[in-house]
Amino acid sequence: MTRPTVARIDFDALVHNLAVARRHAGTARVLAVGKADAYGHGLARVWPAWKGAAGIAVLELEAAVRLREQGFGGRVVLLEGFFEAGEIEIIDRFDLVPVLHDQRQIAMLSGCRPRRPLPVLLKLNSGMNRLGFRPAAFRVVLEQLAADARIGEITLMTHFAGADDGRGVDDQLALFRTVTASSGLPVTLANSAALLRRPDTCGDWVRPGIMLFGGSPFADTNAAALGLLPVMTLQSRIIGEQMLAAGEAVGYGAAFVADRPMRVGVVACGYADGYPRHAPTGTPVLVNGVRTRTLGRVSMDLLGVDLGSVAGAGVGSEVVLWGRGLPVDDVAVAAGTIGYELLCALAPRVRVEVCGGAPDIDDPMR
Ligand SMILES: *Cc1c(COP(=O)(O)O)cnc(C)c1O
């Protein structure tokens with residue numbers, strides 16, 4: 001028997017979540033964000049659910065080229081643009097759209113001879129202070145690009161630092177509007193959080209990521225309340241069982257000690273599968289569909305669960321670590337992180353099965 005640890009990808013949930021995004025987007029086009037190998041889900045198996053999206057955004061040139069080779073005909077955006085001048089020729093050949101965020105990229109462009117005017121996204125740093133030009137430089141570069149016959153359509157872009165929390169988007173949005181006023185160019189601003197809560201940020205293109213995978217971008221609202229369905233269900237089985245006497249401990253470091261006789265299930269899943277090692281005793285987990293808790297320290301290949309409340313559970317019982325019936329965000333909160341990180345961290349050794357929709361596509365990258 002193969003190891004029972006498996007990530008099931010629900011193709012129909014992907015399609016559903018994209019439809020939710022489109023509904024919120026109104027007339028804006030959807031640029032589905034598929035960086036980090038589609039947030040750990042495998043871009044090659046995910047993108048067929050996004051055929052209805054106008055575009056897909058990734059980071060790596062290789063991922064973008066593969067989308068083209070596999071037949072995606074929409075817009076393909078490189079969220080960090082190019083890293084060296086040699087990449088521009090490939091961007092041109094495969095009809096990709098780079099984000100320009102730094103003066104060095106503008107310098108690299110000076111020597112290029114694209115086949116056709118190169119469409120670009122020009123990024124304003126409106127306050128997040130990661131990537132992008134500050135307003136004064138942005139204006140100069142925009143003028144320069146607009147006058148350059150080798151440059152095609154210019155889409156103006158910024159990224160919000162607080163769309164998911166109390167800080168909101170007002171300050172950044174106001175600055176973006178001031179800097180880009182009267183340009184008449186298409187704009188893209190909204191991530192999932194802004195798309196869901198601030199229709200006034202939708203612009204011409206929206207950039208949802210986490211919501212397409214059924215995760216909530218908000219700490220105070222769960223994915224179900226947003227009408228989203230979980231896409232990845234990480235599941236396994238109990239492969240060992242122990243009866244603990246009071247005073248006996250579970251796992252490395254004796255991090256959990258039983259205060260009474262207890263039944264412990266040992267699950268074939270650990271941090272080498274992508275389950276967070278920092279998840280403490282009490283992190284929620286489903287055994288035979290019943291919510292219970294982890295016990296002790298998560299080890300590389302195994303973790304312990306409390307079987308006290310789960311009648312009939314034992315070796316062979318099905319365990320859901322997150323996904324259907326147990327939001328990844330609940331596990332993330334218990335482990336002191338966010339659902340994004342858990343999904344992205346799914347380890348290559350975990351078998352992946354696609355259910356519903358299209359047949360499984362073998363992705364050599366996973
Ligand atoms: C990752 C990313 C997104 C998507 O963010 P979510 O919170 O996952 O919706 C959008 N825009 C940019 C520039 C990003 O890097």
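Counting starts at 1 for both ligands and their atoms, following the listed order. What you are looking at is a predicted structure, and each value in this text was computed from that prediction instead of being measured. Heavy atoms only: backbone and side chains are in, while hydrogens, waters and symmetry mates are out.
- Shortest contact from atom 11 (N) of ligand 1 to any protein heavy atom: R207 NE, 2.9 Å.
- Summary of contacts: the protein heavy atom closest to atom 2 (C) of ligand 1 is K35 NZ, 2.6 Å.
- Ligand 1 has no N or O atom lying under 3.5 Å from any N or O atom of P208, backbone or side chain.
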Could you give me the CA-CA distance, side-chain angles and deciding distance for F213 and W322, then say whether ring-ring contact (aromatic ring centres under 6.0 Å, His included) is met? CA-CA 13 Å; F213 303 100; W322 62 67; over 10 Å; no

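- Counting only heavy atoms of the protein, atom 8 (O) of ligand 1 lies nearest to Y39 OH, 2.5 Å.
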H159/R207 under side-chain hydrogen bond (donor to acceptor under 3.5 Å, both in side chains): CA gap, chis, key distance, verdict: CA-CA 10 Å; H159 191 55; R207 308 190 304 271; 3.1 Å; yes

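- With ligand atoms numbered from 1 in the order given, ligand 1 contributes 6 (P), 8 (O), 9 (O) to contacts under 4.0 Å with heavy atoms of I210.
- The protein atom (non-hydrogen) at minimum distance from atom 9 (O) of ligand 1 is S192 OG, 2.5 Å.
- When only modelled atom types and interatomic distance are considered, R197 and T221 share a side-chain donor-acceptor pair under 3.5 Å.
- For D301 and R349, the salt-bridge test passes: some basic side-chain N is under 4.0 Å from an acidic carboxylate O.
- Considering only non-hydrogen protein atoms, atom 12 (C) of ligand 1 sits nearest to H159 CE1, 3.4 Å.
- Among all protein heavy atoms, the one lying closest to atom 7 (O) of ligand 1 is Y340 OH, 2.6 Å.
- Between D102 and K123 there is no salt bridge, since no side-chain nitrogen of the basic residue lies less than 4.0 Å from a carboxylate oxygen of the acidic one.
- Looking only at atom types and distance, the side chain of N17 has no donor-acceptor partner in the side chain of R22 under 3.5 Å away.
- For the pair M157 and ligand 1, the shortest N or O to N or O distance does not fall below 3.5 Å.
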Walk me through it: do T283 and R293 pass the test side-chain hydrogen bond (donor to acceptor under 3.5 Å, both in side chains)? CA-CA 5 Å; T283 300; R293 57 175 183 151; over 6 Å; no

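- An N or O contact shorter than 3.5 Å is missing between K123 and ligand 1 by distance.
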